[in-house]
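Order of appearance sets the numbers: ligands from 1, and atoms from 1 within every ligand. Hydrogens, waters and symmetry mates are skipped; everything else that's a heavy atom, side chains included, is used.
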Amino acid sequence: MTDGEGRLAQPRDAFALLSHDLRLEILLALLSHWEAVDTEPQRYSELMRAVGMEDSGKFNYHLDRLRGVYLRKTDAGYVPTASATALYRAVLAHRPTATPDRTHLDPGVDCPRCGAGLAGVYEREFFSLRCGSCDSVVGEFTYPLPKNGLAERTDREVLEAVYDRAREHIGLARRGQCPDCGGTTTRTVEASAVTETEPPIHIDCDTCTWTVRTGFMLPFLTDARVLAALDAVGVAVEECFPWELPNPTATVTDTEPAEVDLVVTTSEGEVTITTDSDLSVQEIRTDCRASE
Ligand SMILES: [Zn+2]
Ligand SMILES: [Zn+2]
């Protein structure tokens, strides 16, 4: 068995349980009453009526197959499990059978390199900002957004939503938690890449396939101390897109284990963020220039 097949054994079993019409109907009947923590359990007889069954032997058999995986029995009846509701939420978010009707968006922002208007491109549920004039992907910024993220939002709001989402997700992943599956992450600083154009920070989930390659700033923008320090030197992170933030100078101060100093310099002062190989913030120093 290959690694890929090994990893697919659990999903195969879980998906296979739904490959029967009656089991699917039972699950949908439960989900139709699902109100998160306020879900009223459905009694056995209600559930049987909801799926139009009269043969209790057959009904019991399929109910039993779902038990523990997609539904559980409480004193008052049956409720969907967290696995069932997570699967349901994933379908609502990603709308797998729908084709997105917006693939080119006009968020109304200009290319930082050449000043031309940028296009938002939505492909395979990834959003990126591209410049048609100088052919750059702005801020090296490509991030997944479920199709549901396009609903009820203007083009500009979609861009803001993607950036917000990336910032929160990458911040969580930097602190060790996968934003998709809740598992642990591995953080790597490619110290040799500090002066290269390749994104120096790699964060990968140890369980699912969530992964990100990014520059030095984005992962730290959920840290309140970093935000306060940047604010003190005149960088209002909440009002900027990532590519509008000052680019930090990264200096490797140690290699075993890696330690990197990120220095952000503005007209109002200088912030030094010291981070280790796990991307924990070790120390922040703020040096504000005295105002004249
Ligand atoms: Zn351009
Ligand atoms: Zn994960």
Side-chain angles (χ1 to χ4, degrees), residues 2-15 69 81-94 96 103-149 155-156 158-159 162-189 197 199 201-215 218-219 222 240-247 278-280:
T2 66
D3 276 5
E5 284 165 353
R7 204 178 55 195
L8 290 178
Q10 273 193 338
R12 177 174 284 115
D13 290 347
F15 286 138
V69 183
T81 59
S83 299
T85 57
L87 205 55
Y88 181 53
R89 278 197 172 113
V91 170
L92 292 179
H94 296 278
T103 51
H104 284 78
L105 293 83
D106 178 9
V109 288
D110 294 336
C111 176
R113 200 179 289 174
C114 75
L118 293 170
V121 179
Y122 188 65
E123 267 175 359
R124 293 178 296 156
E125 305 203 24
F126 280 82
F127 182 91
S128 56
L129 257 185
R130 297 190 197 157
C131 178
S133 291
C134 71
D135 206 30
S136 56
V137 177
V138 177
E140 307 300 327
F141 185 60
T142 301
Y143 202 75
L145 179 73
K147 288 191 197 105
N148 191 47
D155 290 0
R156 172 77 176 205
V158 169
L159 170 64
V162 174
Y163 171 42
D164 259 358
R165 187 174 177 80
R167 191 172 84 156
E168 294 298 329
H169 280 187
I170 295 169
L172 192 62
R174 177 184 66 82
R175 298 195 300 277
Q177 180 183 162
C178 172
D180 256 1
C181 78
T184 54
T185 59
T186 299
R187 287 85 74 197
T188 337
V189 182
T197 47
I201 289 181
H202 299 188
I203 312 179
D204 303 288
C205 176
D206 300 327
T207 312
C208 73
T209 59
W210 192 91
T211 180
V212 79
R213 302 282 175 268
T214 179
L218 202 51
T222 48
C240 296
F241 285 115
W243 59 91
E244 295 170 335
L245 295 171
N247 219 354
D278 264 350
L279 301 180
S280 303

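Side-chain contact between His202 and Arg213: present, with at least one pair of heavy atoms (C-beta onward) separated by less than 4.5 Å. Using a 4.5 Å cut-off on side-chain heavy atoms (C-beta onward), Leu159 and Leu105 make no contact. In this structure, Leu279 and Val189 have side chains that are in contact, with non-hydrogen atoms separated by less than 4.5 Å.
For the Zn ion (ligand 2), the nearby protein N/O/S atoms, meaning those under 2.8 Å, are Cys178 SG, Cys181 SG, Cys205 SG, Cys208 SG.
The Zn ion (ligand 1) is the vertex of the angle joining SG of Cys111 and SG of Cys134, which measures 110° to the nearest 10°. Around the Zn ion (ligand 1), the angle linking Cys131 (SG) with Cys114 (SG) is 100°, rounded to 10 degrees.
Inspection of the Arg175 and Thr222 side chains reveals an N or O donor paired with an N or O acceptor under 3.5 Å. Thr186 and Asp204 are not linked by any side-chain donor-acceptor pair at a separation below 3.5 angstrom, with hydrogens and angles left out of the test.
Distance check, rounded to the nearest 0.5 Å: CG of Asp206 to OG1 of Thr185 gives 6.5 Å.
For Asp13, the CG atom sits in a packed shell: over 12 heavy atoms of surrounding residues, nucleotides or ligands are nearer than 6.0 Å.
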